[in-house]
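There's a structure below that I have some questions on.
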Protein chains: 2
Amino acid sequence: MLNHMVEQTHLDAVFHALADPTRRAMLGQLAERELTIGELATPFSMSFAGASKHVKVLENAGLVSRTIRGRTHFCRLQAARLAEADAWLKRYERFWTERLDTLEALLRAEDEANAAVKASSKPTIKAPKK
Amino acid sequence: MLNHMVEQTHLDAVFHALADPTRRAMLGQLAERELTIGELATPFSMSFAGASKHVKVLENAGLVSRTIRGRTHFCRLQAARLAEADAWLKRYERFWTERLDTLEALLRAEDEANAAVKASSKPTIKAPKK
DNA sequence: AAGAAATTAAACCGATCGGTTGACAATCGG
DNA sequence: CCGATTGTCAACCGATCGGTTTAATTTCTT
């Protein structure tokens, strides 16, 4: 109830920034190391000016901060606004966890049925991703 | 490594759909009940056609599904694509939980200091999130 | 001091955005 | 059958988007 007005304008900028694959890829790069504008530009076969504009969009959305050292601009990831976006999405979490829970229950029942038949030792549990 | 190519095109559409406050508000409404185009339009003092376009954007992003009964179109929330967006954001979760963790550590240290003074029984251990 | 390197600024381009209006197509209730 | 309700479609509008090119600015190197 509090966060409705607070960062509504933030969310606009953040989601818009994330809606572009080039900018998402840039964030992916920045997740590993601090990078300059030029380093951000080269992998996309894009002009410096083009990359500069993308970085400015990310910067205005608060997703990237910039420190200028000499003639080169170093960009680094700023995750707080990503957390705000995540918080917004979490309001809808129950809508997909509900379905996943029932799916999980089905798979678990199936596994138990197999286990009962085979009475084997190692239950083949495969972690989803991480 | 798998999900990089899979729904890249989905993410474009989903984040773009979420970048508009009217559409986010529509999703908020749809989180409570199934709604018709007209019901979605009225709270925003917007023409039917305008709302229709927004709904189409949400539909093309896979965030809303539509069932037509007679002359009225009923829209309902479809959360799977929101889950995909959430999954993308989770790749960056550590960047904001890190900071929260250090903050938590500070608070925990403070608590323990207080507890030591009082010589209480239960060590207040709080699991990070999950 | 001269020139290369890193970046922004400005102008421009076609495409898309968010929104409207007006015309059209169904469908429902009398 | 008539008229109201519900919605789409197409055309249009000004604004913004993603991208380029060209020019300018600053800094580093020699």
Side-chain angles (χ1 to χ4, degrees), chain A residues 8-30 33-78 81, chain B residues 8-30 33-78 81:
Chain A
Q8 193 73 297
T9 166
H10 287 0
L11 285 180
D12 286 10
V14 169
F15 281 133
H16 169 246
L18 296 183
D20 183 279
T22 300
R23 285 191 293 262
R24 285 200 307 278
M26 284 177 166
L27 289 180
Q29 295 285 111
L30 290 172
R33 29 179 155 65
E34 197 166 288
L35 289 170
T36 73
I37 305 285
E39 289 169 332
L40 282 169
T42 46
F44 304 106
S45 67
M46 167 183 296
S47 67
F48 268 54
S52 178
K53 278 179 153 191
H54 277 303
V55 169
K56 201 189 305 184
V57 170
L58 292 168
E59 205 179 4
N60 290 137
L63 296 175
V64 154
S65 69
R66 178 196 313 237
T67 63
I68 305 177
R69 207 146 53 225
R71 61 183 163 179
T72 71
H73 298 206
F74 293 86
C75 304
R76 86 169 168 282
L77 182 65
Q78 187 78 24
R81 295 286 165 80
Chain B
Q8 193 72 297
T9 166
H10 287 1
L11 284 181
D12 285 11
V14 168
F15 281 132
H16 168 247
L18 296 183
D20 183 277
T22 301
R23 286 192 291 262
R24 285 200 307 277
M26 283 178 167
L27 289 181
Q29 294 285 112
L30 290 172
R33 30 180 156 62
E34 197 167 288
L35 289 170
T36 72
I37 305 284
E39 289 170 332
L40 283 170
T42 47
F44 304 105
S45 67
M46 168 183 292
S47 65
F48 268 56
S52 178
K53 277 179 154 191
H54 277 303
V55 169
K56 203 189 302 185
V57 171
L58 291 168
E59 204 178 4
N60 289 138
L63 297 175
V64 153
S65 68
R66 177 197 314 238
T67 62
I68 305 177
R69 207 146 53 225
R71 59 183 165 179
T72 71
H73 298 206
F74 293 87
C75 303
R76 86 169 169 284
L77 183 63
Q78 187 78 28
R81 296 284 165 81

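Below, chain A is the first sequence line, B the second, and so on; all start at residue 1. The basis for the numbers below is simple: all heavy atoms, side chains too, and nothing from hydrogens, waters or symmetry mates. This structure is a prediction, so every number in the text was calculated from the model and none was measured.
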Atom CD of Glu59(A) and atom C1' of dA9(C) are separated, to the nearest Å, by 15 Å
For a quick test of reading the model: is some side-chain N or O of His16(A) closer than 4.0 Å to OP1 or OP2 of dT16(D)? no
Could you state the atom-to-atom distance from CE of Met26(A) to C1' of dG18(D) in whole Å? 12 Å
Counting any heavy atom closer than 4.0 Å, what does Ala51(B) reach on the DNA or RNA strands: base, sugar-phosphate only, or nothing? nothing
Using whole Å, what does the distance between atom C1' of nucleotide dC9(D) and atom CD1 of Ile37(B) come to? 14 Å
Between atom CZ in Phe74(A) and atom P in dA6(C), what is the gap in whole Å? 11 Å
Nearest heavy-atom contact between Leu40(B) and Met26(B) is O-CE, 3.9 Å
Between P on dC17(D) and CG on Asp12(B), what's the gap in Å once rounded to a whole number? 16 Å
One pair to check against side-chain contact (heavy atoms from CB on, under 4.5 Å): Leu18(A) and Leu63(A). What are the steps and the verdict? CA-CA 10 Å; Leu18(A) 296 183; Leu63(A) 296 175; 4.0 Å; yes
Selected nucleotide, minimal atom distance to His54(B) side chain, candidates dT8(D), dG19(C), dC9(D): dG19(C)
Rounding to an integer number of Å, can you tell me how far Phe48(B) CZ sits from dG18(C) C1'? 18 Å
More 5' along DNA chain D: Ser52(B) or Met46(A), using each one's nearest nucleotide? Ser52(B)
Checking Arg81(B) side chain against Ala61(B) main chain: does a donor-acceptor pair fall under 3.5 Å? yes
The test is side-chain contact (heavy atoms from CB on, under 4.5 Å); show your working for Leu58(A) and Gln78(A) and say whether it passes. CA-CA 10 Å; Leu58(A) 292 168; Gln78(A) 187 78 24; over 6 Å; no
Between dG19(C), dG7(D), dG18(D), which one does the side chain of Thr22(B) approach most closely? dG19(C)
Rounded distance (Å) that lies between atom P of dT5(D) and atom CD of Glu39(B): 15 Å
Rounded distance (Å) that lies between atom P of dG18(C) and atom CZ of Arg24(B): 12 Å
Take Leu27(B) and Val64(B) through the test side-chain contact (heavy atoms from CB on, under 4.5 Å) and record every step on the way to the result. CA-CA 8 Å; Leu27(B) 289 181; Val64(B) 153; 4.0 Å; yes
Taking DNA chain D as the partner, which of residues 62-72 of chain B come within under 4.0 angstrom of it by heavy atom? Arg66(B), Arg71(B), Thr72(B)
How is Gly38(A) classified with respect to the nucleic acid when contacts are heavy atoms under 4.0 Å: base, sugar-phosphate, or nothing? sugar-phosphate
From the set dG18(C), dC17(D), dT20(C), return the single nucleotide nearest to any side-chain atom of Ser47(B). dT20(C)
If you check every side-chain atom of Ala49(B), which of dC9(D), dT20(D), dG7(D) has the closest atom? dC9(D)
For residues 41-58 of chain B, which residue pairs qualify under side chain to side chain donor-acceptor pair (under 3.5 Å), counting only residues two or more places apart or in two chains? Arg23(B)-His54(B)
Just do the side-chain contact (heavy atoms from CB on, under 4.5 Å) check on Arg76(A) and Thr67(A) with the steps written out, would you? CA-CA 8 Å; Arg76(A) 86 169 168 282; Thr67(A) 63; 3.8 Å; yes
N or O in side chain of His73(A) less than 4.0 angstrom from dA6(C) OP1/OP2: no
N or O in side chain of Lys53(B) less than 4.0 angstrom from dT8(D) OP1/OP2: no
Selection residues 59-75 of chain B - residue pairs positive for salt bridge (Lys or Arg N to Asp or Glu O under 4.0 Å), sequence neighbours left out: Glu59(B)-Arg66(B)
